[in-house]
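All values reported here derive from a predicted model rather than from experimental measurement. These numbers come from the heavy atoms of this one structure, side chains and all, not from hydrogens, waters or symmetry mates.
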Amino acid sequence: MDVLKSLWAMKGYSVGVQKVASSKDVIRVLQATSVDSLNVILLEDEADFNLLMMITREPIARGYSWLVLGDVEPVAEGEFRLSLPIDNLVTFASLHTRNVSDTIVEKVVVTEIYSLAEDLPYITRVLAEWYGRGPLRLPLEGWSERRTNLTGLHLRCVTMPQEPFIYVSEPNDQLKVQLLGGYARDVFKALQEKLGFTYTCRLPPDYKWGSLENGEWNGIMKEMVAGRADVVVTSLDHNSARAKDVDFVTGLRKVGYRMVTRRPGLMDETWTSFTSELLPTAWAGTMAFVILAPPCLVFCSRLSPSETEKVSFKDAYILAIGAFAIQGSWLDVRSLSTRIVFITIFLATLVVYAHYTSALVSLLTVASTSVGFSSLQSLLEDGSYQFGFMSGTSLEDEFRVNTCNTRPYVYMMEENIYRSMFPNQCDTQLLRGQYFTTETGFAVPRGSPLREIFDNQCWIN
């Protein structure tokens, strides 16, 4: 009772007493109790220990704070194997007495007990000692800030190579790999050195990141959901669909996707460079001029009273075609109207040649870098490009399109990965605009206490 009084004075707990005979009674009481309440259990006989053992195995009991009063040695020595995972909220308070100079000294030792796994021994840590005077001083930090010694815990890691975040070795027959380098590997290595756990990593059997196919996960996500992995060590993108089945550790980095396409160049139109300068309408106008101009010349030469040379249709068409072939003329026309038509034919030829040669010189000397669009919306409106991305990634949940490896082609790719894989790539280019910006990093199974431990260490570091 002195311990309870000290706790009441420190945090202002209210007290309520209810008689329970089984774990079902305890669950019934918890369902009507706030999670902020402190639940006290008094250990006096074997029945109390058995009741505590059943309570700790109830899932609902893990979210509540417990204070266990009594002898803690039967628990610490494993006589009563409780379910005390690393994130349990059970605190033990036991009375210790000793004789000092014929004086009985009593103290209450407050401890926490937890195990890193069901098959590993308990870890016991003294939180405070209270001699009955003054308030009971307990640590203010949370359990994840105190329980940072994970020595003896072996983690099953699942990964995928992703430059520049992580580099792995060639997989063996069991798809096991070594983490060789990268930003994600450096962070995970620092966590290992700080916390003391060991690990082995492997690739997912289908070599995919994790997307939903017919309502089921593939790749990395499948390994996590099936319980075959304890942690994802790579740059796994955070999204709402994945967050329903795994817990994400604080993001290592914020990433965004950009469109990658082939850079337009001089060789894109090798065989059409000499004909693409004139549009179909320009070609039609030129042909119409060649067909209609000669009759005008014939009519003017024959109807003009001052014209001395009557031009035939044959000579008029030879003159028009010769003008486009940069040839001169033997005709000697005199009338003003005939000369106007004559000069018009040669001036039209000059305009066509000037347009053609200037456009051709421009095409052969200055390569256009414009692809005709700058966003996803304008890409859809353009309609002339295929669109794609890596299968099994988070983008597969955003897009469901069929692509073929033809040109022109647009690929959606994470910017850091592109710059790492193609540092000196001149044939492709990143387009402006960033899409699907998100955090990327580690993940653990849903409800795993490792998330909070890793989060605290990442913030501290």
Side-chain angles (χ1 to χ4, degrees), residues 1-98 104-115 118 122-147 447 449 452:
M1 288 304 297
D2 290 338
V3 174
L4 291 178
K5 289 178 181 179
S6 177
L7 290 173
W8 294 334
M10 182 174 61
K11 291 195 174 182
Y13 288 113
S14 59
V15 64
V17 179
Q18 296 198 39
K19 184 178 180 180
V20 294
S22 66
S23 61
K24 292 183 178 180
D25 293 338
V26 175
I27 300 305
R28 174 178 50 80
V29 173
L30 291 179
Q31 290 174 340
T33 304
S34 170
V35 293
D36 296 328
S37 63
L38 176 64
N39 302 279
V40 181
I41 297 178
L42 179 62
L43 298 180
E44 293 184 323
D45 51 31
E46 184 176 346
D48 295 332
F49 280 97
N50 289 328
L51 177 60
L52 176 60
M53 186 166 56
M54 290 186 292
I55 290 173
T56 59
R57 298 186 184 280
E58 296 285 350
I60 191 176
R62 289 185 59 184
Y64 291 81
S65 299
W66 298 86
L67 176 62
V68 180
L69 304 176
D71 188 7
V72 74
E73 287 188 5
V75 176
E77 294 176 359
E79 184 178 346
F80 294 92
R81 184 68 185 185
L82 309 182
S83 178
L84 297 174
I86 193 171
D87 61 340
N88 79 83
L89 302 179
V90 181
T91 304
F92 295 86
S94 57
L95 181 64
H96 291 247
T97 61
R98 61 174 178 167
I104 301 299
V105 178
E106 293 182 337
K107 67 176 180 179
V108 174
V109 179
V110 181
T111 60
E112 61 179 3
I113 301 175
Y114 60 93
S115 61
E118 288 289 338
Y122 284 135
I123 296 174
T124 302
R125 179 183 178 184
V126 176
L127 298 179
E129 294 183 351
W130 188 64
Y131 292 88
R133 298 181 301 275
L136 178 59
R137 302 293 184 182
L138 293 176
L140 299 178
E141 68 270 16
W143 66 267
S144 59
E145 300 173 76
R146 299 192 307 268
R147 303 170 188 176
E452 194 167 337

*Asks:* Tabulate below the donor-acceptor pairs under 3.5 Å that side-chain atoms of residues 39-46 make, not counting sequence neighbours, or state none.
*Replies:*
from  : atom 1 : to    : atom 2 : distance (Å)
Asn39 : ND2    : Ser65 : O      : 3.2
Asp45 : OD1    : Ala47 : N      : 3.2
Asp45 : OD1    : Asp48 : N      : 3.1

*Asks:* Who pairs with Ser144 by side-chain hydrogen bond (donor to acceptor under 3.5 Å, both in side chains), at least two apart in sequence or on another chain?
*Replies:* Glu452, Asn456
*Asks:* Would you call Glu118 and Pro85 a side-chain contact if the rule is heavy atoms closer than 4.5 Å?
*Replies:* no
*Asks:* Which ring-ring contact (aromatic ring centres under 6.0 Å, His included) pairs, counting each pair once, include a residue from residues 47-84, with sequence neighbours left out?
*Replies:* Phe49-Phe80
*Asks:* Which residues satisfy the side chain to side chain contact (heavy atoms under 4.5 Å, CB included) test with Ile123, sequence neighbours excluded?
*Replies:* Tyr114, Leu116
*Asks:* Is there side-chain contact between Asn88 and Thr56, with at least one heavy-atom pair below 4.5 Å?
*Replies:* no
*Asks:* Mind checking salt bridge (Lys or Arg N to Asp or Glu O under 4.0 Å) for Glu112 and listing every partner two or more places apart, or none if nothing turns up?
*Replies:* Arg146, Arg147
*Asks:* Do you know which two heavy atoms are closest between Ser94 and Asp71, and how far apart they sit?
*Replies:* CB-CA, 4.4 Å
*Asks:* Test Phe92 against every option in Thr111, Val110, Thr124 by the side-chain contact (heavy atoms from CB on, under 4.5 Å) rule and name the one that passes.
*Replies:* Thr111
*Asks:* Under the rule for ring-ring contact (aromatic ring centres under 6.0 Å, His included), what residues qualify as partners of Tyr122, not counting sequence neighbours?
*Replies:* none
*Asks:* Give every residue pair that meets the salt bridge (charged side-chain N to carboxylate O under 4.0 Å, His left out) criterion with at least one member in residues 72-95, sequence neighbours excluded.
*Replies:* Arg62-Asp87
*Asks:* With sequence neighbours left out, what residues match Glu129 under side chain to side chain contact (heavy atoms under 4.5 Å, CB included)?
*Replies:* Lys107, Val109, Val126, Tyr131
*Asks:* With rounding to the nearest 0.5 Å, note down the distance linking CG in Leu69 to OG1 in Thr91.
*Replies:* 10.5 Å
*Asks:* With sequence neighbours left out, what residues match Lys24 under side chain to side chain contact (heavy atoms under 4.5 Å, CB included)?
*Replies:* Ser22
*Asks:* With sequence neighbours excluded, give me every salt bridge (charged side-chain N to carboxylate O under 4.0 Å, His left out) pair touching residues 51-61.
*Replies:* none
